[in-house]
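Being a predicted model, the structure only gives us computed values, none of them experimental. Letters go in sequence order (proteins before strands), and every chain restarts at 1.
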Protein chains: 2
Amino acid sequence: MNKQASKVTSIVSESGQVPERRSLSTEAADALRELILLEKLAPGTPVPERDLAEGLGISRTPLKDALRILEVEGLIEYGPTRRPRVADPSLDEIEQNVLVLSALESLAGELACSSASDKQISEIGDLDRSMRDLPANSSALEFFHLDMEFHASIVAASRNEPLAQTHKQYNARLWRARFMSSRQQDRRENTLAEHAAITKALVARDAAATAKQLRKHLKSTIINLHHIRSADAKT
Amino acid sequence: MNKQASKVTSIVSESGQVPERRSLSTEAADALRELILLEKLAPGTPVPERDLAEGLGISRTPLKDALRILEVEGLIEYGPTRRPRVADPSLDEIEQNVLVLSALESLAGELACSSASDKQISEIGDLDRSMRDLPANSSALEFFHLDMEFHASIVAASRNEPLAQTHKQYNARLWRARFMSSRQQDRRENTLAEHAAITKALVARDAAATAKQLRKHLKSTIINLHHIRSADAKT
DNA sequence: TTGACACATTTTGCATGCAACACCTAAAGG
DNA sequence: CCTTTAGGTGTTGCATGCAAAATGTGTCAA
């Protein structure tokens with residue numbers, strides 16, 4: 001039945017992952033995402049399709065697709081007249097998103113306690129340790145990436161594909177906010193402590209505790225966002 | 001500053017809602033959704049773009065957009081070769097989706113307890129009552145629609161836009177499964193009892209109880225799905 | 001000076017054409 | 001008889017053109 005398996009389909013490049021056919025749309029989406037997240041494109045700026053397409057050297061068709069992708073990720077907003085802008089969420093909207101993210105992760109934690117393999121859990125522990133072992137002068141971006149990986153690996157351990165999908169969406173929406181939040185050196189200690197608590201509950205496969213710790217962790221993110229806002233208001 | 005407010009922008013047609021510009025893509029998406037949910041298009045069948053477009057009397061461009069919309073709703077799947085099919089989720093996948101839906105709704109319930117207006121809560125109570133007052137011979141579809149409205153109104157009461165958005169997505173994915181589940185007349189009693197418990201907790205604005213009842217309600221949906229499967233296996 | 005209207009420009013939605021890729025069938029070789 | 005391969009067919013990705021809608025601008029009247 002399964003014919004293509006007999007063929008030499010094993011052109012699998014590196015990891016065991018699906019090759020995931022590249023297309024101009026996804027590449028453009030990646031490029032745009034980078035531009036937006038690194039603030040090369042300020043929030044709220046209109047994004048005329050043609051200019052963008054020209055800038056990226058592609059036609060409008062795949063660019064439109066890219067904008068659609070970024071729309072579901074929440075990085076691009078469409079006005080009532082279908083003119084795309086870089087999303088500019090208010091603090092309130094960000095907070096609402098974090099609430100949902102929190103619920104998603106806490107579900108992931110619960111599920112991971114019963115569904116994760118021992119290997120997956122130990123990998124989460126590894127990530128936790130890597131973060132703690134990071135030198136104090138390491139870049140904010142480096143710390144941030146590990147932080148993201150830590151959370152993502154918990155979701156992966158839940159073995160719930162749609163959950164992972166949605167979690168990814170919300171993560172993308174909150175990338176900028178979380179990145180800003182993580183730039184404060186003095187937060188690291190706090191973050192590490194909370195990660196430790198999460199890891200501990202996870203290793204014990206204590207679903208209730210894991211969920212609780214994850215909620216607490218995300219909650220402190222919200223509080224931190226408020227602090228940043230007040231600090232910004234002063235300057 | 002705000003110029004357009006001074007103009008006679010009040011061409012708001014009927015409700016206070018945004019007119020929401022129609023486009024061929026969204027119309028096609030609606031049409032296709034209907035076809036899929038009513039099983040006019042069997043799960044797993046390939047969906048060649050050109051034929052579909054021709055059938056709907058539109059070109060491939062807007063149809064492609066429609067397929068994208070239905071993809072994020074989970075009704076259309078893209079194979080590794082970018083050939084679209086009607087999604088055919090396994091029972092296991094459906095269950096995973098229900099788990100996420102459950103977490104979303106229970107969060108919505110919690111938030112509704114603190115954020116909902118009294119009017120919103122009383123409307124939820126109205127819906128609960130409408131369902132109970134339905135005659136026993138009313139159609140499964142009628143009962144089902146009220147059921148959906150009940151859940152949707154709880155989410156709306158949470159006043160969390162992204163949550164509502166995501167909830168809608170998951171609802172769309174699970175439409176068929178939930179519809180099948182709701183066709184069993186003997187489930188009605190059970191559903192009504194659970195709805196009553198949810199409504200009661202909501203009226204009392206007891207966040208913990210609301211969340212708990214919602215989880216329980218969705219959990220019984222999962223169990224019911226298993227029953228349906230076993231029944232199907234026999235026939 | 002302010003407001004409204006009409007025209008010019010920009011920008012998106014949709015249709016269509018072409019090229020690359022995937023799939024199916026059938027013939028050739030083992 | 002089974003496997004492999006070559007060709008034909010169908011399907012999707014992308015580019016481009018056109019029309020409709022929206023925005024910006026300048027002029028005129030109150």
Separation of atom [atom1] in [X] from atom [atom2] in [N], rounded to whole Å:
| X | N | atom1 | atom2 | value |
| --- | --- | --- | --- | --- |
| Arg22(B) | dA20(D) | CZ | C1' | 18 Å |
| Glu27(A) | dC14(D) | CD | C1' | 13 Å |
| Arg60(A) | dT11(C) | CZ | P | 11 Å |
| Tyr78(B) | dT12(D) | OH | P | 8 Å |
| Asp65(B) | dT12(D) | CG | C1' | 14 Å |
| Arg82(A) | dT11(C) | CZ | C1' | 13 Å |

For this session: In plain terms, say whether Arg22(A) and Asp30(A) are close enough for a salt bridge, that is, a side-chain N and a carboxylate O under 4.0 Å apart.
Result: yes

For this session: Kindly check if the number of other-residue, nucleotide or ligand heavy atoms within 6.0 Å of CD (Glu39(B)) is above 12?
Result: yes

Problem set entry | Glu27(B), CD: over 12 other non-hydrogen atoms inside 6.0 angstrom | yes

Exercise. Which sits closer to the 5' end of DNA chain D, Arg83(A) or Gly57(A), going by the nucleotide each is nearest to?
Worked result: Gly57(A)

Report the nucleotide, chosen from [options], that has the shortest atom-to-atom distance to any side-chain atom of [X].
| X | options | answer |
| --- | --- | --- |
| Pro84(A) | dT12(C), dA15(C), dG10(D) | dT12(C) |
| Leu24(A) | dT12(D), dT12(C), dC14(D) | dC14(D) |
| Ser23(A) | dT12(D), dC14(D), dA22(C) | dC14(D) |
| Ser59(B) | dG17(C), dC23(C), dC14(C) | dC14(C) |

Ignoring hydrogens and angles, tell me if any N or O in the side chain of [X] forms a donor-acceptor pair with the backbone of [Y] under 3.5 Å.
| X | Y | answer |
| --- | --- | --- |
| Thr166(B) | Leu163(B) | no |
| Tyr78(A) | Glu71(A) | no |
| Ser115(A) | Leu111(A) | yes |

For this session: Confirm from the modelled atom types if Thr61(B) and dA15(C) form a donor-acceptor pair under 3.5 Å, side chain to base only.
Result: yes

Problem set entry | Close approaches to DNA chain C from residues 48-56 of chain A, in residue order (heavy atom, under 4.0 Å) | Pro48(A), Glu49(A), Arg50(A)

Exercise. Does NZ or CZ of Arg176(B) come closer than 6.0 Å to the centre of the six-membered ring of Phe179(B), within 45° of the ring's axis?
Worked result: no

For this session: Ignoring backbone atoms, test whether Thr81(B) places a side-chain nitrogen or oxygen under 4.0 Å from the OP1 or OP2 oxygen of dT11(D).
Result: no

